[in-house]
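Notes follow once the structure below has been shown.
FYI, side chains are in, hydrogens and waters are out, and symmetry mates aren't considered; it's all heavy atoms of this structure. The sequence lines fix the lettering, A, B, ..., with proteins before strands; numbering per chain opens at 1.
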Amino acid sequence: MVLQPSLKNCLWLPCILKTPKAGFRSTASGGLIIQSVSNDVYQNLAVEDWIHDHMDLEKRQVLFLWRNSPAVVIGRHQNPWQECNLRLLRQKNIKLARRRSGGGTVYHDLGNINLTFFTTRKKYERMENLKLVVKALKALRPQLDVHVTDRYDILLDRHYKISGTAAKLGRTSAYHHCTLLCNTDKFVLSSVLKSPYTGLKSNATPSVPASVKNLLEEDPSLTSEMLLDAIAKEYATQHQIDHRITLINPADETLLPGINNRTEELQGWEWVYGKTPKFSVSTCLNMAYKDSVLEVKVNMDVKHGRIEVCNIDLPEQWLPPALYSELVRSLTGSKFCPNEITTLVTTLLRVCPQDDELHSRWNLLCENMIMLV
Amino acid sequence: VCIHRVRSCSSLPSVKSKYVCVFDRSALKFSQQQRLLRTSAVSCGQIVQFKLSDIGEGITEVTVKEWYIKEGDSVSQFDSICEVQSDKASVTITSRYDGVIRKLHYSIDDIAFVGKPLVDIEIDASKGVAPEEDVVETPPMSHEEHTHQEIKGHKTLATPAVRRLAMENNIKLSEVVGTGKDNRILKEDILNYLAKQTGAILPPSPKAEIIPPLPKSETVPGAPKDKARKIPVPVSRPIVFSGKDKTEPVTGFQKAMVKTMSAALKIPHFGYCDEIDLTQLVQLREQLKPLAEIRGVQLSFMPFFIKAASLGLLQYPILNASLDENCQNVTYKASHNIGIAMDTEQGLIVPNVKNVQVCSVFDIAAELNRLQSLGSAGQLGTSDLTGGTFTLSNIGTIGGTYAKPVILPPEVAIGALGKIQVVPRFNGKGEVFKAQIMNVSWSADHRIIDGATMARFSNLWKSYLESPASMLLDLK
């Protein structure tokens, strides 16, 4: 979906960048406001990355505006299994992304605006940025009861969270990004951010759940475009630059050399799942078999998204020992991923003795194991 | 007596004897390539405690979340050392020095304190190889942000590894265009500079470290002798190849495939191949495609191949059987669960269409659509992937004509379909016409299946496909 901001405020510059000092050719100085034409979360995160690594923010700070089609975005050091309902995400085709900044998990859709404030490391100042946003909101609708908490959240009516914050600091540059709930589907938000997985133990950063509300619920006359515009205007005023938004295409390799590689890296399994801090799963499968229910204790250690250690406490001889050890051997080192495990166990089944009873036990166990992932 | 430290050749085995440097006038005349042995335990390098610098916003402590290096690793200035987190901010800590990591002061999830040591680095302060004018080692940086070294009026920013590469190739850093951050000269920039000099073309990937071999113009055959004399002989430069082999463990799905394929090749395979004239089938499919689309289904050739195979299996049920481990019993499977080999990101997976014997061509097409979309989304379930009795592999969509497919246990037969090619053939009247020909390669378990059976099955399957109307007679 291509965003359609009002033409009089936006300028499409076919900029040619000279790396490393990326210079958007612009008559403004002191600040630059850019907006992504893409709704792909990976592309937009790649742009953040690129600006962080390549742009000289000494003379000119940058405000980046972006929106994503439905996606769950976890923080750099979080565990996706702990934070969201991965099964539901897969079913609903909602993307999962891991950002490079810290903090907690958020749900994005087109009703949510993302704002990224790029500065030099020295000028990193989150409170100032959030106060800017609040000022813009109040300028637009003076009756809005919005304020910034000391946890860097923005609350509406003293109670509902409408914005969460995260940041990334590098050697010379830094960025602070935050969300702003305009018109997000709250039903989907609450269902995807609830994890069904039990028995997970990890030191990953946990999210702090909060009650949320959309700004448009408070005032239906507002639109996402109005909010974006108000924030851009306030930023322009504070940085003494033209109120002009430059559109950028995150797939443009000429403008942003190396951007497509970054996008690929952010989409890859190794980044999204493989960067999960080490965790363990300790749970009990309740398998209904014939007339009884088997309680099977399962313990797994997962490192870099791969099963490092796997223990399944089956009744003796329930599966032939050779087959059981083959299963455990194959699971060890496998990705903690339902697709990987499914293909693994079904392939192994080919070399099992052809016994209906055995096959049904195997299938039962494997179906239950897959539910854990 | 000054001791000149000469960079040691790291590939030489370390020697237990203490490092001793001979210094006399002649030492100054040592060529650049001279190396002296040095033990790895020598403390020539000064160990510096790299402290965690100020994060900003008055933060005093952070949590260490990931180490990018380990003890014993070499680091260059600006390399990432670790990732720490503080109150929703993730911070990348980069090295201020070049050297070797000697100690990590924290483990993952420990709290680290601003102003306290984070890692110990042994500074790589080696100097001394007679430098060219503009190529000078960068001494360890002070706490302030000065990252430029003024050398005879030139600001050249490069890590020691890059400087070494430049030096080995007699390149002046001032002549190289730096494309790294702050105009740093990167390894790629040196390689680009070299390539321009030799006229060679570097591979497009900036990560490539291969400099292609120089054109040997004097050995070009057929070049007229006088012309050869006029072509300047390129200066011979050492060919630098620093690619490394990469070893990865075989895990997960791959491991399972290893086991299955090893078992598969224990089956005595025999092959049987043939050509199928699909001219009529192509026409039929063209007719039926729009009808299927109206019903929301994409119709390919596979549903026809699958249904024809099932009709053939009704006549030759042994091809839909399974032999037990001890080769004592043959089980004739009642259901025709025909597997379709699918190529996915992970590799080869084989979901199957259940009970083809009671499905119409349309049913099969719909089921194939479902399996294909689940397959590409990586969401196939266990029931889709188990219970197959016979397999078809349409390798022709990628390419190829004849193949030698491997039987997937516990099945006893498999067919590989090549691509459809338009070739000239003779018809009954001896006239040449355009025929759509596809090749099929069957493999079967010779322990229970003989060549004649396979041939007859193939002929029957072929006849159904060559005159699709005949399928109507036998459709159930």
Side-chain angles (χ1 to χ4, degrees), chain A residues 19-21 53-54 75-77 90 93 100-104 121-122 124-126 151-152 164-172 174 176 203 205 258 275 277-278 306 326 329-335 337-351 353-354 359 363 366-367 370, chain B residues 55-57 63 65-66 78 80 83 85-94 108-109 145 178-184 206 249-257 259-260 262-264 322-325 331 344 346-347 349-350 377-388 408-411:
Chain A
T19 55
K21 285 207 161 90
D53 285 345
H54 289 289
R76 173 75 172 80
H77 309 289
R90 286 174 206 126
N93 237 337
R100 294 202 191 265
S101 57
R121 175 83 181 252
K122 293 198 183 96
Y124 167 68
E125 183 47 79
R126 292 182 284 185
R151 275 201 80 240
Y152 305 105
T165 269
K168 173 96 193 74
L169 287 84
R171 193 175 60 87
T172 53
H176 157 221
N203 285 326
T205 316
K275 279 292 184 186
K278 187 168 176 178
R306 286 182 155 75
E326 190 60 51
R329 234 172 50 91
S330 298
L331 284 174
T332 309
S334 153
K335 286 183 188 172
C337 157
N339 191 32
E340 177 94 349
I341 296 179
T342 305
T343 48
L344 193 162
V345 300
T346 52
T347 307
L348 271 183
L349 193 61
R350 290 187 181 277
V351 295
Q354 296 303 297
H359 278 215
N363 282 330
C366 294
E367 291 276 2
I370 290 160
Chain B
I55 306 282
E57 292 184 334
T63 311
K65 282 298 189 179
E66 189 176 337
F78 311 140
S80 296
E83 196 76 22
Q85 183 167 253
S86 155
D87 188 27
K88 308 186 198 183
S90 190
V91 190
T92 307
I93 307 291
T94 55
I108 303 277
D109 291 329
E145 288 296 347
T179 61
K181 205 170 178 190
D182 303 327
N183 285 326
R184 276 168 85 181
V250 173
T251 58
F253 172 57
Q254 269 186 327
K255 227 191 225 175
M257 278 300 274
K259 187 131 177 93
T260 312
S262 306
S322 187
L323 187 59
D324 70 8
E325 282 182 338
T331 309
T344 62
Q346 268 180 307
I349 52 168
V350 191
Q379 289 179 4
L380 284 166
T382 46
S383 61
D384 294 326
L385 293 168
T386 52
L408 298 169
E411 298 165 22

request  = Tell me, with the steps shown, if T92(B) and R171(A) meet side chain to side chain contact (heavy atoms under 4.5 Å, CB included).
outcome  = CA-CA 7 Å; T92(B) 307; R171(A) 193 175 60 87; over 6 Å; no

So which part of [X] gets closer than 4.5 Å to some heavy atom of chain A, the side chain, the backbone, both or neither?
X	value
Q254(B)	neither
T94(B)	side chain
P249(B)	neither

Which atoms of [X] come close to chain B, meaning under 4.5 Å heavy atom to heavy atom: side chain ones, backbone ones, both, or neither?
X	value
K335(A)	neither
E340(A)	both
I370(A)	side chain
K278(A)	neither
R100(A)	backbone
L349(A)	side chain
R76(A)	side chain

Heavy-atom pairs under 4.5 Å with chain B are the metric here; pick the option from [options] that has the most.
options	result
I341(A), L331(A), T332(A), T343(A)	T343(A)
P338(A), S334(A), G258(A)	S334(A)
R306(A), K275(A), R126(A), R329(A)	R126(A)
R90(A), R121(A), R350(A)	R350(A)

Check: Do the charged groups of K255(B) and E326(A) touch, with an N to O distance under 4.0 Å?
Finding: no

Quick one: do V351(A) and K259(B) satisfy side chain to side chain contact (heavy atoms under 4.5 Å, CB included)? Show the steps, please. CA-CA 8 Å; V351(A) 295; K259(B) 187 131 177 93; 4.0 Å; yes

Given L380(B), D87(B), V350(B), the one with more heavy-atom pairs under 4.5 angstrom with chain A than any other is D87(B)

Interface check, chain A: of I349(B), L408(B), D324(B), most non-hydrogen pairs under 4.5 Å belong to L408(B)

Any heavy-atom pair between the side chains of E83(B) and K168(A) that's under 4.5 Å? yes

_For a quick check under 3.5 Å, do T205(A) and Q85(B) share a side-chain donor-acceptor pair by atom type?_
yes

Looking only at heavy atoms, the pair that brings G102(A) and S90(B) closest together is N-CB, 3.4 Å

Heavy-atom nearest pair, N339(A) first then Q379(B), reads OD1-N, 4.4 Å

Original post:
Between E325(B) and Q354(A), is a side chain to side chain contact (heavy atoms under 4.5 Å, CB included) present by the stated rule, with each step listed?
Top reply: CA-CA 8 Å; E325(B) 282 182 338; Q354(A) 296 303 297; over 6 Å; no

Q | Worked verdict on T260(B) versus L348(A) for side chain to side chain contact (heavy atoms under 4.5 Å, CB included) | A | CA-CA 7 Å; T260(B) 312; L348(A) 271 183; 5.6 Å; no

Separation between CG (L344(A)) and CZ (F253(B)), nearest 0.5 Å, reads 8.5 Å

Value for CG (N363(A)) from OG1 (T386(B)), rounded to nearest 0.5 Å, stands at 5.0 Å

* Exam field: side chain T346(A) to backbone T382(B), donor-acceptor pair closer than 3.5 Å -> no

